[in-house]
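Each remark here refers to the structure printed beneath this line.
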Amino acid sequence: MIQTIRGQNLLSLDNVSREAIVEVLDTAESFVEVNRRSIKKVPALKGRVVASLFFEESTRTRLSFETAAKRLSADVLSLAVASSSVKKGESLRDTIATIDALGIDAVVMRHQSSGAALQVSRYVPHVHVINAGDGLHQHPTQGLLDAFTIRQVLAERMGASGVESGSELFHGLRILIVGDIRHSRVARSDIAAYVTLGAQVRVAAPGTLLPADIENWPVTVVDSFDEALEWADVVGLLRLQRERGSGSFVPSLGEFTQTFGLTVERAKKLRPSAIIMHPGPMNRGVEIDSRVADLPEAVIERQVANGVPIRMAVLYLTVAGSKEEVVS
Ligand code: CP
């Protein structure tokens with residue numbers, strides 16, 4: 001069990017302790033303030049080099065990691081995979097060795113293969129590797145930013161004292177995750193973070209979109225999505241991942257929406273205080289009705305915004321490492 005991510009890699013949330021998660025969330029809190037300044041920059045990673053390697057498409061993760069690194073004053077090497085020698089057949093090992101030869105301190109990597117980030121951490125053990133999403137496996141910074149967003153919303157509702165009670169806010173919190181659990185690295189990281197922080201998690205999905213080993217997950221599978229809506233303090237929708245063939249796991253998109261989409265009618269069954277989340281990108285009209293996505297209870301844009309302080313915290317803690325280095 002990892003007790004702190006200081007000076008480490010961040011490959012998964014499965015083996016990260018509650019203390020380590022809270023340390024990231026608390027560090028991100030200090031970076032929220034930096035992001036509100038007119039000059040949004042601190043020298044914490046001045047002179048360090050962060051390589052941004054996205055072998056799979058991304059909008060929010062890539063942009064927020066690169067923004068985070070720049071706000072920490074790191075230099076960013078961003079590989080445009082589509083116009084790189086990867087397209088000529090260069091292996092992952094040689095690609096990483098080439099980038100490492102330029103002198104880097106950290107790699108932020110998204111890859112379509114589960115385990116790719118772990119593999120890279122073995123190729124370059126002297127470099128901090130941060131997994132920005134690997135296949136179906138993990139998306140740890142998404143799990144952290146989703147937990148951060150829930151904590152922030154609950155703390156705001158409680159006033160300043162809520163911020164102080166911090167992650168105690170998760171104890172007994174009822175979180176429902178709905179949709180394509182089988183193909184979702186976000187679900188795997190969210191569940192790890194939420195359960196470690198003390199929440200109860202239920203999942204709702206067509207049987208074909210549940211992973212084969214779901215009975216080993218620390219969640220309850222619900223029979224009725226509609227009844228679970230009344231139970232939930234937080235409902236997290238997942239994208240139907242058509243690029244991973246999810247479309248063939250349901251009879252039709254219309255039927256999926258009818259049974260597991262958060263429609264306007266279903267949203268009315270939620271508690272008035274329920275928080276609606278989606279990691280994006282959304283299939284509006286499939287897993288979430290467009291009008292529901294735009295409700296004030298939906299915190300989807302706040303999730304995106306929180307990607308920057310969370311990724312600043314992760315880069316700062318992993319790369320700067322030592323407790324002596326401070327944010328200034
Ligand atoms: N949530 C998420 O990972 O979005 P991107 O694919 O746009 O990075």
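Everything quoted here is computed from the prediction, not taken from an experiment. Atoms within a ligand are numbered from 1 in the order they appear, just like the ligands themselves. All values below come from the heavy atoms of this structure, side chains included, with hydrogens, waters and symmetry mates left out.
- A distance-only check finds no donor-acceptor pair linking the side chain of Q200 to the backbone of L173 [under 3.5 Å].
- Relative orientation of the F260 and F225 rings is parallel, given thresholds of 30° and 60° on the angle between their planes.
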| message | Please evaluate residues V292 and T263 with respect to the criterion side-chain contact (heavy atoms from CB on, under 4.5 Å), reporting the C-alpha separation (whole Å), side-chain torsions for both, the decisive distance (0.1 Å), and the verdict. | response | CA-CA 7 Å; V292 176; T263 58; 6.0 Å; no

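- Protein neighbours of ligand 1 below 4.0 Å, counting non-hydrogen atoms: S58, T59, R60, T61, R110, H139, Q142, P279, G280.
- Side chain to side chain, T318 and R6 fail the donor-acceptor criterion of an N or O pair below 3.5 Å.
- Note on R157 versus E297: no salt bridge recorded, every NZ/NE/NH1/NH2 to OD/OE distance being 4.0 Å or above.
- Judged purely by distance below 3.5 Å, without hydrogens or angles, the side chains of H139 and R110 pair a donor atom with an acceptor atom.
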